[in-house]
Amino acid sequence: MHPFNLTRGIFQTRLSRSGKVSPRPRLIALEVTRRCNARCRFCAFPSSPERGGEGELSRSEIEEIFRDPLSHRLDLLRITGGEPLLRADLPQMISGIFLRARPRLIYLTTNGTLPEALADLLTVVEKNRIRIFLQISVDGEGEIHDRVRGVPGAFAQVIRSLELIRQRRERFPFPAGINHTLTPENLEWRDRVISIAREYDLGYRMVVAARYNENTQIDLDPRQKEIPFAPAFSLPREELARVYRDVRAAAEQALPPFPSLSARIWGLGVKYLTAGEENRIFRGQSHPQPKCSAFFSHFRIRADGEMIPCSGLNQSGGNLKENSLSGIWNSSRARDLRQAVINCRGCWIECDILPSAVYSGDLIIWRIKGARSKR
């Protein structure tokens, strides 16, 4: 990310929250399917790839969304699911979005168990020179990974995907990283997963499986009560503290998948999220807590076309099968939702908090305060 784009995004978001300028999206999270072929315990998506796809936005509907000029200055487009690679039309979809909207980066997360589909995607990525970042889930080695993901043979497929990524990056370099989700089964596998990341020249990120995340059913209303952070599993406090010492060490030694400024933002964001989790678990402090910029700088599009502010405030501004992106963004319903965001009690859902931390400027403020406190 160029410093000018970051600075402009921060000022635009802060001014739009104060009502002085019109908001403009900088990041969109696009859920292309709710289907998944894994059975992760910390996720609530359907585990059958053949079921759960009813009502999904079609490729033509998605491409129509990104013809809207409002989507043409995005810093980041997140492609998420479910498992995105279950969409057979994903390569053509991403190509169509990129050619129309030209986001500065497309960020795609996958469980890595569909190497043939990944090969098709990377062929289109290389042909069209699409700016993409791939995040692959690796939660251990062999049977341990398979157990966490709930699919026998998953790790073997992941290794095929990693080999494929290594081969394709020789022809068309693109950033990629490993996401290591901690559960009771794989707490001792950090060093091995880091060595896999180094072997394949990938970024590395360790996260604790959370009770509330973008892939779970959230049974709290943040307009009434803060959505807390809590691990998705129970451990004695002393053992959980040891886990977080490892998480903190991994954050300090993170292998960034991005070059230059993007790498610094990425690394700082990892430390910010880790500090927020530790404060909430061990100190009972909701800090840091950025001013939320959902529906000011970022929002989510669900697989059925509903346009919502974030995972926590799951209230629709409208359906993109029935209205345009600009039509919903500039509607009175959207203005009501922005007021609800301003009045929100808060949450700590990683994929929603991080954009707010960046575009509110809180990430930079937190870094400056931290540097001063060490003097």
Side-chain angles (χ1 to χ4, degrees), residues 29 31 34 36-47 78 80-84 107 109-113 135-152 154-155 158 177-194 196-197 203-220 226-251 254 269-282 286 310-312 314 347-354:
E31 181 187 278
R34 295 187 68 83
C36 191
N37 59 338
R39 298 171 180 82
C40 308
R41 299 177 187 178
F42 46 84
C43 182
F45 281 105
S47 59
R78 286 189 63 227
T80 184
E83 171 49 53
Y107 179 110
T109 54
T110 173
N111 60 33
T113 60
Q135 187 84 341
I136 316 295
S137 298
V138 181
D139 298 322
E141 187 173 30
E143 183 183 350
I144 293 297
H145 175 86
D146 296 355
R147 191 184 308 161
V148 172
R149 293 287 156 176
V151 180
F155 184 74
V158 168
I178 280 176
N179 201 67
H180 179 188
T181 303
L182 290 181
T183 68
E185 293 95 332
N186 68 351
L187 292 177
E188 306 303 324
W189 284 81
R190 177 171 75 92
D191 291 343
R192 179 57 189 136
V193 177
I194 288 177
I196 293 172
Y204 172 79
R205 169 83 202 285
M206 178 193 291
V207 297
V208 172
R211 164 65 183 87
Y212 295 107
N213 61 66
E214 66 175 350
N215 296 333
T216 58
Q217 300 294 335
I218 297 176
D219 51 8
L220 298 175
E226 178 181 355
I227 298 176
F229 176 84
F233 51 86
S234 297
L235 281 179
R237 186 178 179 85
E238 297 77 11
E239 189 171 353
L240 190 58
R242 182 180 63 80
V243 168
Y244 266 94
R245 283 196 293 272
D246 285 348
V247 173
R248 198 181 324 116
V270 170
K271 296 174 185 176
Y272 181 94
L273 291 167
T274 302
E277 292 176 15
E278 288 194 279
N279 283 338
R280 284 161 172 78
I281 292 174
F282 300 110
S286 296
C310 60
S311 306
N314 190 12
C347 75
W348 198 256
I349 301 173
E350 175 184 323
C351 294
D352 299 300
I353 280 294
L354 196 52

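Position 1 is the first residue of the sequence; numbering continues from there. Computed from a predicted model, the values in this text were never measured in an experiment.
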Backbone of Val138 reached by a side-chain donor or acceptor of His180 within 3.5 Å: no

Do Gln135 and Arg205 come close enough that some side-chain heavy atom pair is under 4.5 Å? yes

Rounded to the nearest 0.5 Å, the CZ atom of Arg149 sits from the CZ atom of Phe155 at a distance of 12.5 Å

Search all heavy atoms of Phe233 against all heavy atoms of Ala209 and return the closest pair with its distance. CE2-O, 4.1 Å

Could you give the distance from CD (Glu350) to OG1 (Thr274), rounded to the nearest 0.5 Å? 8.5 Å

Heavy-atom pair with the smallest gap, counting every atom of Ala197 and Gly203: CB-O, 4.0 Å

I need the minimum non-hydrogen distance between Gly312 and Ile227, along with the two atoms involved. CA-CD1, 3.8 Å

Would you say the side-chain atoms of Asn186 pair up with the backbone N or O of Thr183, donor to acceptor, closer than 3.5 Å? yes

Salt bridge check, Arg242 against Glu188: does any charged N sit closer than 4.0 Å to a carboxylate O? yes

Working to the nearest 0.5 angstrom, can you tell me the gap between Arg211 CZ and Leu220 CG? 7.5 Å

Residue set satisfying side chain to side chain donor-acceptor pair (under 3.5 Å) with Asn111, at least two apart, ordered chain then number -> Asn37, Glu83, Thr113

N/O donor-acceptor pair under 3.5 Å between Asp146 side chain and Ala154 backbone: yes

Minimum heavy-atom separation for Asp352 to Cys310, with atom names? OD1-CB, 3.5 Å

Side-chain contact, heavy-atom cut-off 4.5 Å: Asn213 with Ser311? no

Identify the heavy atoms of Pro231 and Val208 that sit nearest to each other, and give their distance. CB-CG1, 4.0 Å

Below 4.5 Å, heavy atoms only, C-beta onward: do Phe42 and Val148 meet side chain to side chain? yes

Considering only NZ, NE, NH1 and NH2 on the basic side and carboxylate oxygens on the acidic side, decide whether Glu185 and Arg147 come within less than 4.0 Å. no

Evaluate the side-chain proximity of Ile136 to Thr110: yes if any heavy-atom separation is below 4.5 Å, no if none is. yes

Where do Ser137 and His145 come nearest, in terms of heavy atoms and distance? O-CE1, 3.5 Å

Could you state the interatomic distance from OH (Tyr244) to CD (Glu278), rounded to the nearest 0.5 Å? 7.0 Å

For Glu238, what residues pass the salt bridge (charged side-chain N to carboxylate O under 4.0 Å, His left out) criterion, not counting sequence neighbours? none

Side chain to side chain, Thr80 and Tyr107, heavy atoms closer than 4.5 Å: no

Do the non-hydrogen side-chain atoms of Thr109 and Asn179 ever get within less than 4.5 Å of each other? no

Kindly indicate whether the side chain of Leu187, heavy atoms from C-beta on, has any atom under 4.5 Å from the side chain of Leu182. yes

Roughly how far, to the nearest 0.5 Å, is CH2 of Trp348 from CD1 of Ile281? 11.5 Å

Going from CG on Asn314 to CD on Glu214, what distance comes out if it is rounded to the nearest 0.5 angstrom? 12.0 Å

Leu273 versus Leu354: any side-chain heavy-atom pair under 4.5 Å? yes

